[in-house]
There are 2 protein chains.
Amino acid sequence: MSKVLVIGHKNPDTDSIASAITYAYLKQQIGVDAEAVRLGNITKETAYALETFGFEAPRLIEKAAPETSQVILVDHNEKQQSVDDLDDVQVLEVIDHHRIANFQTNDPLYYRAEPVGCTATILNKLFKEHGVEIPKNIAGLMLSAIVSDSLLFKSPTFTDQDQAAAEELAAIAEVDAAVYGLDMLKAGADLSSVSVKD
Amino acid sequence: MSKVLVIGHKNPDTDSIASAITYAYLKQQIGVDAEAVRLGNITKETAYALETFGFEAPRLIEKAAPETSQVILVDHNEKQQSVDDLDDVQVLEVIDHHRIANFQTNDPLYYRAEPVGCTATILNKLFKEHGVEIPKNIAGLMLSAIVSDSLLFKSPTFTDQDQAAAEELAAIAEVDAAVYGLDMLKAGADLSSVSVKD
Ligand SMILES: [Mn+2]
Ligand SMILES: [Mn+2]
Ligand SMILES: [Mn+2]
Ligand SMILES: [Mn+2]
């Protein structure tokens, strides 16, 4: 099997970036040559999370087919949110928490969607199902995704399962979720680089 | 929450019937008012499996919306294979092992597809994930589904995961999978009621 690209959606948010890095890590642990990539610029919020937990941003791609025949989608499934040449590659897996629309495949695949507030909450289960431990820095990144998608545990899409995952991940990452979460959201809302004209 | 109907595909095969009964049972164990239903006649093969393990055929329905607002699809996802008024109800979950096509939702849902040979193989995992024990007669029905979809463990879609599930289920059901499986397939191929003119 050639390299598999793990791809979040266009205009990536923290969940799309964190879940791509996280799931690529999990796949590597179970023997798959997986690489996280991104389809757009990193936000300030995401940059803060990456820096806090010691990660580089995933590599930016515009097309997948020139370098691989197989991709995994995280945090999205709709074609218009995905890589432009999605039709030219095989979607091996989808891990997502959104409705399903404008998505179809020619072959059976692993598709795991759950009606929870964040892809990272599902990934937290997948680590357990595969018996793989979550490293401290990955846990911090996953927690960042839950904080981001739930606006610090306040959004109506935030479920008990997200809550439980956030508590587990904060313990592994050894951070205070409320304190770190607020710092991350503040970093994302930083207006210091906005010019006077804006 | 009102009753949830668990529905296999039209022209139901043994996997569609067995998985509807099995998943309705699992949902009931975790507190959901679920009922297995079917969209067509039972085959001789399926009748043999139901009788062997002491089950009635699920209730036949033509439409879902007159009696419920929520359904779970097993062993299929394509709209044309499903209940005629699928657009009039909410699909809460899908448990399937086929490609995804002609399927979309307005809301997030639980969607569990895996590239294995039988829906029952996925259900075997879900029992474990929920910590629910599989009763002896349900295990027999699930084994019947794997035998059917794999033509007694021979089809190209049959995977190591199906093999492992079949062995576990045969042990719980206390049957010899090869012997029982051949008897079931023979019952399905029974030509005794075919008239001379056919
Ligand atoms: Mn997102
Ligand atoms: Mn998300
Ligand atoms: Mn079927
Ligand atoms: Mn099947």
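Each chain gets a letter, A, B and so on, in the order its sequence line appears, and its residues count up from 1.
Counting heavy-atom pairs closer than 4.5 Å to chain B, the top residue among A/Arg112, A/Lys128, A/Gln104 is A/Arg112. Contact count versus chain A (heavy atoms, under 4.5 Å) is highest, among B/Ile100, B/Asn77, B/Asp96, for B/Ile100. Interface check for chain B: of the options A/His98, A/His97, A/Glu129, the most heavy-atom pairs under 4.5 Å are formed by A/Glu129.
Using a 4.5 Å cut-off between heavy atoms, B/Asp107 touches chain A through its backbone atoms (N, CA, C, O) alone. Residue A/Glu93: no heavy atom, backbone or side chain, is found under 4.5 Å from chain B.
A continuous path of Ile, Leu, Val, Met, Phe, Trp and Tyr side chains, each step under 4.5 Å between heavy atoms, connects A/Val6 with A/Ile30, placing both in one hydrophobic cluster. Residue B/Val147 is grouped with residue B/Tyr48 when hydrophobic side chains (ILVMFWY) are merged at heavy-atom distances under 4.5 angstrom, including chains of intermediate members. Cluster annotation: B/Ile138 and B/Met184 are assigned to the same hydrophobic cluster (Ile/Leu/Val/Met/Phe/Trp/Tyr, side-chain heavy-atom contacts under 4.5 Å, transitive).
Note: A/Phe103 CZ to B/Thr105 OG1 = 12.5 Å, rounded to the nearest 0.5 Å. The line from CD of B/Glu114 to OH of A/Tyr111 is 14.0 Å long, rounded to the nearest 0.5 Å.
Within 6.0 Å of the CD atom in A/Glu51, the count of heavy atoms belonging to other residues, nucleotides or ligands does not exceed 12. Other residues, nucleotides and ligands place no more than 12 heavy atoms under 6.0 Å from the CD atom of B/Glu133. Within a 6.0 Å radius of NZ in B/Lys10, more than 12 heavy atoms belonging to other residues, nucleotides or ligands are found.
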